[in-house]
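Structure record follows, encoded as structure tokens.
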Amino acid sequence: MMLASWNVNSLNVRLAHVLSWLEANPVDALGLQELKLIDAKFPTTAFSEQGYQTHAFGQATYNGVAIAHKAQAKDIERNIPGYADSQSRVISATLVFDTLEIRLINAYFVNGQALDSDKFTYKLEWLAHLQRYVSEQLASHKHVVLMGDFNITAQDQDSWDPDGLRETIHHSSIERAAFQQLIDAGLVDTFREFEQVEKSFSWWDYRMLGFQKNRGLRIDYVLMSESLRPALTRSWIDRAPRKWEKPSDHAPVVIELDIDRL
């Protein structure tokens, strides 16, 4: 089984990329972030033609998340229950694989812009509610996966310039503490379960030859509950789509599970 996450930075612009990638990488479920379109404009038919059902939570111009999946899905939930948020950032579903169920949470974390901004205050508030929600899901479901664009570098090794960017947005101690709280709640950073190439990133700025110089950040993650750890066989970042014409500034992140190990 393979699960993937990808911030596509406008599904309208990148739909052909997504469909092409899915054809070459027929994952069982794909979480998409930054759709930048309303639900009525979501290309449901294009996904169904490739064997995927979809659930979307869109928003005009900004944000928006979706899950494309081959398995049956139930208990679809949009946004964080108990938190009034006008932005479309979270969609959750329980995916049913025969007798195995995985609660999949796909999230587009708040960027925050700058540490002294109102947007950063919103980010911290949003993170607190997400942590509560994830803890509730872990208590209610045996197997949980949290994926998405986290807009946080978990550690220094997740940044191309950890010293120069220290205590700036995505690199602040308070953001990293929030990330660690998710780990402490019972989640595993799948990427760090394996030896990885140094300076492995999932996002590169469009400006100043960011990708060509590998000046990137690892801000896209697939975290999973400890219960799934025995099944994890691989976790990687697929850099290939970042080389395509007019790419997203993010690359897909993918995990592989051998569910027979559970």
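Quick note: numbers below take in every heavy atom, side chains included, and nothing from hydrogens, waters or symmetry partners. The first residue of the sequence shown is numbered 1, and numbering continues consecutively from there. Predicted model, so just to flag it, every value in this text is computed and none were measured.
In this structure a side-chain-to-backbone donor-acceptor pair under 3.5 Å is missing from S140 to Q137. Between the side chain of D158 and the backbone N or O of Q155, at least one donor-acceptor pair lies under 3.5 Å. Checking side-chain atoms of D249 against main-chain N and O of D205 turns up no donor-acceptor pair under 3.5 Å. Between the side chain of S5 and the main chain of M147, no donor-acceptor pair closer than 3.5 Å is present. In this structure, H141 contributes its side chain and H143 its backbone to no donor-acceptor pair below 3.5 Å.
Between the side chains of T94 and E101, not a single donor N or O lies within less than 3.5 Å of an accepting N or O. For E77 and Y133, the side-chain atoms include at least one donor-acceptor pair closer than 3.5 Å. In this model, a donor atom of one side chain and an acceptor atom of the other lie less than 3.5 Å apart for E175 and S172. Residues D238 and W21 bring a donor and an acceptor atom of their side chains to less than 3.5 Å of each other. Residues N106 and Q33 have side chains that bring a donor and an acceptor to within less than 3.5 angstrom of each other. K41 and N12 form no side-chain donor-acceptor contact under 3.5 Å, judged by distance and modelled atom types alone. Side chain to side chain, T153 and H170 fail the donor-acceptor criterion of an N or O pair below 3.5 Å. Checking D220 against S202 by side-chain atom types alone, a donor-acceptor pair falls below 3.5 Å.
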**ring pair (Phe, Tyr, Trp, His ring centres under 6.0 Å) evaluation trace for W160 with W204** = CA-CA 10 Å; W160 74 273; W204 301 262; over 10 Å; no
**Message:** As a quick check of understanding, evaluate side chain to side chain donor-acceptor pair (under 3.5 Å) for S235 and E193, giving each step before the final call.
**Reply:** CA-CA 8 Å; S235 179; E193 289 294 292; over 6 Å; no
**Message:** side chain to side chain contact (heavy atoms under 4.5 Å, CB included) for Y122 and Q87? Distances and angles first, verdict last.
**Reply:** CA-CA 11 Å; Y122 165 48; Q87 300 189 14; 3.5 Å; yes
**Message:** As a quick check of understanding, evaluate side chain to side chain contact (heavy atoms under 4.5 Å, CB included) for V145 and V222, giving each step before the final call.
**Reply:** CA-CA 7 Å; V145 171; V222 179; 3.8 Å; yes
**Message:** Run S225 and L138 through side chain to side chain contact (heavy atoms under 4.5 Å, CB included) and show every step you take.
**Reply:** CA-CA 7 Å; S225 54; L138 285 165; 3.8 Å; yes
**Asked** Could you walk me through whether V8 and H17 pass the side chain to side chain contact (heavy atoms under 4.5 Å, CB included) check?
**Response** CA-CA 9 Å; V8 292; H17 285 196; over 6 Å; no
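Between W126 and T121 there is no side-chain heavy-atom pair separated by less than 4.5 Å. You'll find the side chain of L146 reaches within 4.5 Å of the side chain of L187, heavy atoms only. In this structure, the side chains of I105 and V90 come closer than 4.5 Å at one or more pairs of heavy atoms. Using a 4.5 Å heavy-atom threshold, the side chains of V65 and L32 count as separate. When side chains are defined from C-beta on, M1 counts as touching I102, because their heavy atoms get closer than 4.5 Å. For the pair F211/P247, no side-chain contact is recorded, criterion being any heavy-atom separation below 4.5 Å from C-beta on. Inter-residue side-chain proximity for F97 and D28 is flagged as met; some heavy-atom pair is nearer than 4.5 Å.
For R242 and W244, the positive end is not near the middle of the six-membered ring at less than 6.0 Å and at most 45° from its axis. For the pair R89 and Y108, the cation-pi test (distance below 6.0 Å, angle within 45°) is passed.
With values rounded to the nearest 0.5 angstrom, E34 atom CD is found 8.5 Å from N111 atom CG. Distance CD/E256 to CZ/R234: 6.5 Å, rounded to 0.5 Å. For the atom pair Q113 CD and N151 CG, the distance stands at 12.0 Å (nearest 0.5 Å).
Among all heavy-atom pairs drawn from H55 and I91, the shortest one is O-CD1, 3.4 Å. Closest approach of F179 and A154 over heavy atoms only: CE2-CB, 3.5 Å. Closest non-hydrogen pair, R132 versus I80, comes out as NH2-CG2, 3.6 Å. Across S88 and G58, no two heavy atoms sit closer than the pair OG-O, 3.0 Å. L165 and H171 make their closest contact through O-CB, 3.3 Å (heavy atoms, listed as atom of the first residue, atom of the second, distance). Here the shortest heavy-atom pairing between W6 and P241 reads CZ2-CB, 3.7 Å.
Put simply, L30 and L223 are part of two different groups of oily side chains (I, L, V, M, F, W, Y) that touch within less than 4.5 Å, one to the next. Placement of I259 and M2 in two distinct hydrophobic clusters is found when ILVMFWY residues are connected by side-chain heavy-atom separations under 4.5 Å, directly or transitively. There is no path of hydrophobic side-chain contacts, each under 4.5 Å, that joins I169 to L217. Note on Y52: it clusters hydrophobically with L37, by side-chain heavy-atom contacts below 4.5 Å among ILVMFWY residues. Taking hydrophobic clusters as Ile, Leu, Val, Met, Phe, Trp and Tyr residues chained together by side-chain heavy-atom distances below 4.5 Å, L104 shares a cluster with I76.
Salt bridge annotation for D189-R218: present, with a cationic side-chain nitrogen under 4.0 angstrom from a carboxylate oxygen. With respect to the salt-bridge test (charged N to carboxylate O, under 4.0 angstrom), the residues R176 and D156 qualify. The residues D118 and K123 are annotated as not salt-bridged, no charged nitrogen and carboxylate oxygen being separated by less than 4.0 angstrom.
Within a 6.0 Å sphere centred on CD of E23, heavy atoms belonging to other residues, nucleotides or ligands number 12 at most. Residue Y83 qualifies as enclosed at atom OH: its count of foreign heavy atoms under 6.0 Å is above 12. Applying the 6.0 Å contact sphere to CG of L262 captures more than 12 heavy atoms from other residues, nucleotides or ligands. For K119, the NZ atom counts as loosely surrounded, since its 6.0 Å shell holds 12 or fewer non-hydrogen atoms of other residues, nucleotides or ligands. Atom CD of Q196 sits in a crowded spot, with more than 12 heavy atoms from other residues, nucleotides or ligands closer than 6.0 Å.
The aromatic rings of Y221 and F150 sit tilted, their planes meeting at an angle between 30° and 60°.
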